[in-house]
Amino acid sequence: MDNARRALRQDPGTAISFYATGQPGKDWEDLCRGPHLPTTGRIGAFKITSVAGAYWHGDASQQQLQRVYGIAFFSAAELAAHCQRLQAAKERDHRLLGRQLGLFTISPLVGSGLILWLPKGAMIRQELEAFLLQELTRRGYSVVYTPHIGNVNLYKTSGHYPYYKDSQFPTIKMKERDSGDEAEYLLKPMNCPHHIQIYAAEPRSYRDLPIRLAEFGTVYRFEQSGELAGMTRVRGFTQDDAHLFCTPDQVEAELRSTVDMVLHVFRTLGFTEYQCRVSLRAPGSDKYAGEAALWNQAETTLRQVVREMGVPHHEALGEAAFYGPKLDFLVKDVIGRQWQLGTVQLDYVLPERFQLEYIGADNAPHRPVMIHRAPFGSLERFTGILIEHFAGAFPTWLSPVQAIVLSISEKFVDYGRQVVGQLRAAGVRAELDSGDEKIGAKIRRARIQKIPYLLVVGAKEQQAGAVAVRTRQDEDLGAVPLAAFLEKLSAEIRTRA
RNA sequence: GCCGAUGUAGCUCAAUGGUAGAGCAACGGUUUUGUAAACCGUAGGUUGCGGGUUCGAGUCCCGCCAUCGGCUCCA
């Protein structure tokens with residue numbers, strides 16, 4: 001009743017509802033938006049899943065209540081099936097697979113939320129970066145590099161500093177040895193101010209626009225300890241970032257091409273279950289910078305682009321960045337938590353803050369418009385989601401080890417080495433399992449590592465210059481001449497099939 | 001950050017307040033194998049860290065750290 005009283009005090013004009021199970025006023029009565037089951041007899045099977053604190057009205061400054069989570073089904077069989085699904089989902093959790101497949105680790109000595117990429121995980125990242133670089137080149141981007149720290153004044157100018165003071169690592173204070181001048185540096189929480197300084201480094205003509213500056217930029221944000229999770233929520237991460245500087249009438253075309261790139265990336269990696277969130281201002285909030293007219297224009301443009309491009313989308317108030325509205329591409333992880341991957345953000349504010357200009361055809365200075373975009377969002381989060389998406393069985397082009405040669409016995413190790421040599425010479429990531437176990441054990445080990453192609457070599461294969469090919473999907477392709485296999489494999493890798 | 005749970009060998013897990021153990025992995029040996037685990041042996045531990053209670057603590061209590069599930073947050 002305590003809560004009922006408080007609800008009434010907070011919102012005296014609003015009706016509140018009670019739902020009863022059993023006899024109203026006699027059995028259980030609940031202050032609740034409803035609805036309730038008419039009777040608990042409808043519950044065939046239930047299970048308490050977890051207990052956690054939850055804030056009153058979802059507000060961290062309010063009292064915390066105990067919340068008991070449970071699930072209920074009409075029958076015990078349905079409950080068992082559900083639990084089995086949860087178990088299966090757990091087995092593809094990127095934190096588990098990350099260890100089993102040797103992809104990444106986190107050391108408390110290095111710090112919470114700081115990812116250490118192991119060689120195999122780093123291989124995946126390199127392939128992802130190579131894929132993106134190829135797209136960047138195709139789409140007329142220029143790659144730049146910027147430092148990991150920046151003067152606090154940079155972020156004060158951009159406006160980031162006051163907005164996000166709480167979620168930044170504390171600043172580094174410096175005193176110049178000779179002059180005694182003091183300076184304050186920040187681990188960069190984002191790349192845009194740095195890229196803006198590259199734009200501002202020289203006078204720009206409308207003929208040069210759009211200028212598209214891209215960087216795999218590593219940023220640091222001090223996320224709350226309770227928020228950290230594997231690779232999906234971390235304190236240091238690398239954005240596949242780019243900032244486009246264009247004229248107002250180039251905005252729409254540039255937006256379309258950035259959205260197209262995000263969709264192309266998703267398509268290549270087989271993401272079909274994504275949602276595009278059109279992130280808009282919260283009505284009545286004063287936390288946004290810039291003029292209302294520009295915001296309205298920006299929001300209208302974003303809506304129009306997703307609608308015309310047929311992107312599945314929904315709108316969300318209050319999700320915009322302080323400098324502009326954005327399109328966020330969301331996917332769910334294996335336990336149903338939603339994560340933001342790619343993002344495309346429209347920004348009229350930062351060019352203003354930094355007084356950016358270009359000389360127009362009229363020989364007068366004009367203000368450019370910025371688009372921030374990152375198809376993956378962060379390489380850490382993206383890789384984590386990717387691990388779960390493929391359950392560790394990456395397509396061949398992404399697989400850290402693409403083929404493993406398994407020797408039947410010691411006698412064929414030399415031939416196995418030759419095969420590996422030829423595969424590697426052709427650019428295939430190949431390994432040899434030359435141990436003295438039986439072939440069954442080697443196959444088992446390779447299967448657990450989810451290596452796409454297992455190449456068994458024994459007397460028959462050696463004689464024929466062949467390999468006995470078994471795929472990860474358990475297809476037995478039999479003995480294939482090495483040259484023929486290599487050709488097929490190379491094509492598969494090249495086309496990112 | 002808040003609520004709760006958990007923390008034992010590289011991994012997965014045992015161990016009434018009474019001598020810290022198993023399987024896998026590692027290492028050594030035997031074996032030379034034809035499609036998901038050959039056999040024998042060896043080594044491996046400040047039981048997350050620090051304090052306390054006790055004759056005695058992996059076990060009980062307190063603090064910290066980390067992880068997990070939520071909440072809040074998320075440029």
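Proteins get letters first, then strands, A, B, ... in listed order; numbering begins at 1 in each.
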**Item:** Any donor-acceptor N/O pair under 3.5 Å between B:rC2 base and A:Q64 side chain
**Value:** yes

**Asked** Is any side-chain nitrogen or oxygen of A:R445 closer than 4.0 Å to OP1 or OP2 of B:rA25?
**Response** no

**Prompt:** Which part of the nucleic acid, if any, lies within contact of A:K326, taking any heavy atom under 4.0 Å across all strands shown: a base, the sugar-phosphate backbone alone, or nothing?
**Reply:** sugar-phosphate

**Asked** Quick one, which residues of residues 458-471 of chain A touch RNA chain B with a heavy atom under 4.0 Å?
**Response** A:G458, A:A459, A:K460, A:E461, A:A468, A:R470

When the side chains of residues 285-295 of chain A are checked against the rest of the protein, which donor-acceptor pairs come out under 3.5 Å, sequence neighbours left out?
residue : atom : partner : partner atom : Å
A:S285  : OG   : A:K287  : N            : 3.2
A:Y288  : OH   : A:A282  : N            : 3.1
A:W295  : NE1  : A:A289  : O            : 2.7

**Lys/Arg N to Asp/Glu carboxylate O, A:K332 vs A:E273, below 4.0 Å** = no

**Message:** According to side-chain hydrogen bond (donor to acceptor under 3.5 Å, both in side chains), does anything in residues 95-110 of chain A pair up with another residue at least two apart or in another chain? List the pairs.
**Reply:** A:D93-A:R95

**Heavy-atom donor-acceptor pair, A:R381 side-chain to B:rC74 base, under 3.5 Å** = no

**salt bridge (charged side-chain N to carboxylate O under 4.0 Å, His left out) partners of A:E129, counting only residues at least two apart** = A:R125

**Approximate separation, where rounding is to 0.5 Å, of A:Q345 CD and A:L302 CG** = 10.0 Å

**Request:** Assign A:I439 to base, sugar-phosphate, or nothing according to its heavy-atom contacts below 4.0 angstrom with the strands shown.
**Result:** sugar-phosphate

**Asked** Between residues 283-292 of chain A and RNA chain B, which residues have a heavy-atom gap below 4.0 Å?
**Response** none

**Item:** Same-atom distance (C1') from B:rG63 to B:rU53, integer angstrom
**Value:** 15 Å

**Asked** Heavy atoms under 4.0 Å, any strand shown: does A:Y69 hit a base, just sugar-phosphate, or nothing?
**Response** sugar-phosphate

**Message:** Counting C-beta onward and ignoring hydrogens, is there a side-chain heavy-atom pair between A:L327 and A:T258 closer than 4.5 Å?
**Reply:** no

**Message:** With a cut-off of less than 4.0 Å, is there a side-chain N or O of A:R99 near OP1 or OP2 of B:rU12?
**Reply:** yes

**Prompt:** Quick one: the side chain of A:Y55 and the base of B:rG1, do they pair up donor-acceptor inside 3.5 Å?
**Reply:** yes

**Request:** Work out which heavy atom in A:D347 is nearest to a heavy atom in A:H372; give both atom names and the distance.
**Result:** OD2-NE2, 2.8 Å

**Message:** Pairing check on B:rA14: which nucleotide meets the Watson-Crick or G-U wobble criteria with it, both distances under 3.5 Å?
**Reply:** none

**Asked** Once you round it to whole Å, what is the distance between C1' of B:rU35 and CD of A:Q473?
**Response** 16 Å

**Request:** Check whether any side-chain heavy atom of A:Q449 lies under 4.5 Å from a side-chain heavy atom of A:L101, and answer yes or no.
**Result:** yes

**Request:** May I have the distance from A:L330 (atom CG) to B:rC74 (atom C1'), rounded to whole angstrom?
**Result:** 12 Å

**Message:** Here's a test for you: under ring pair (Phe, Tyr, Trp, His ring centres under 6.0 Å), which of A:F237, A:F329, A:F216, A:F271 qualifies with A:F382?
**Reply:** A:F271

**From A:Q197, A:H194, A:K188, A:H195, residue fulfilling side chain to side chain donor-acceptor pair (under 3.5 Å) relative to A:T146** = A:K188

**Request:** Look at all strands and tell whether A:S50 reaches a base, only sugar-phosphate, or nothing, counting heavy atoms closer than 4.0 Å.
**Result:** sugar-phosphate

Please enumerate all protein N or O atoms sitting under 3.5 Å from an N or O of nucleotides 4-10 of chain B, with distances to 0.1 Å.
none

**Message:** Classify A:L406 by what it touches in the nucleic acid, base, sugar-phosphate, or nothing, heavy-atom distance under 4.0 Å.
**Reply:** nothing

**Request:** Verify the stacking flag for A:Y323 against B:rA75: centroid separation must be under 5.5 angstrom and the ring planes must differ by under 30 degrees.
**Result:** no

**Message:** The side chain of A:S225 is closest to which nucleotide in this list: B:rA75, B:rA66, B:rG1?
**Reply:** B:rG1

**B:rA66 OP1/OP2 closer than 4.0 Å to side-chain N/O of A:S112** = yes

**Message:** Between A:H243 and A:Y199 (judged by ring centroids, cut-off 6.0 Å), do the two rings come close enough to count as a pair?
**Reply:** no

**Request:** Figure out the CG/C1' separation between A:L116 and B:rA66, and round it to whole Å.
**Result:** 15 Å

**Prompt:** Does a distance-only test, which skips hydrogens and angles, find a donor-acceptor pair under 3.5 Å between the side chain of A:R95 and the base of B:rC68?
**Reply:** no

**Request:** Assign A:R235 to base, sugar-phosphate, or nothing according to its heavy-atom contacts below 4.0 angstrom with the strands shown.
**Result:** nothing

**Prompt:** Any side-chain N or O of A:S167 less than 4.0 Å from the OP1 or OP2 oxygen of B:rC74?
**Reply:** no

**Request:** Starting at atom CD of A:Q87, determine the distance to atom P of B:rU12, rounded to an integer number of angstrom.
**Result:** 14 Å

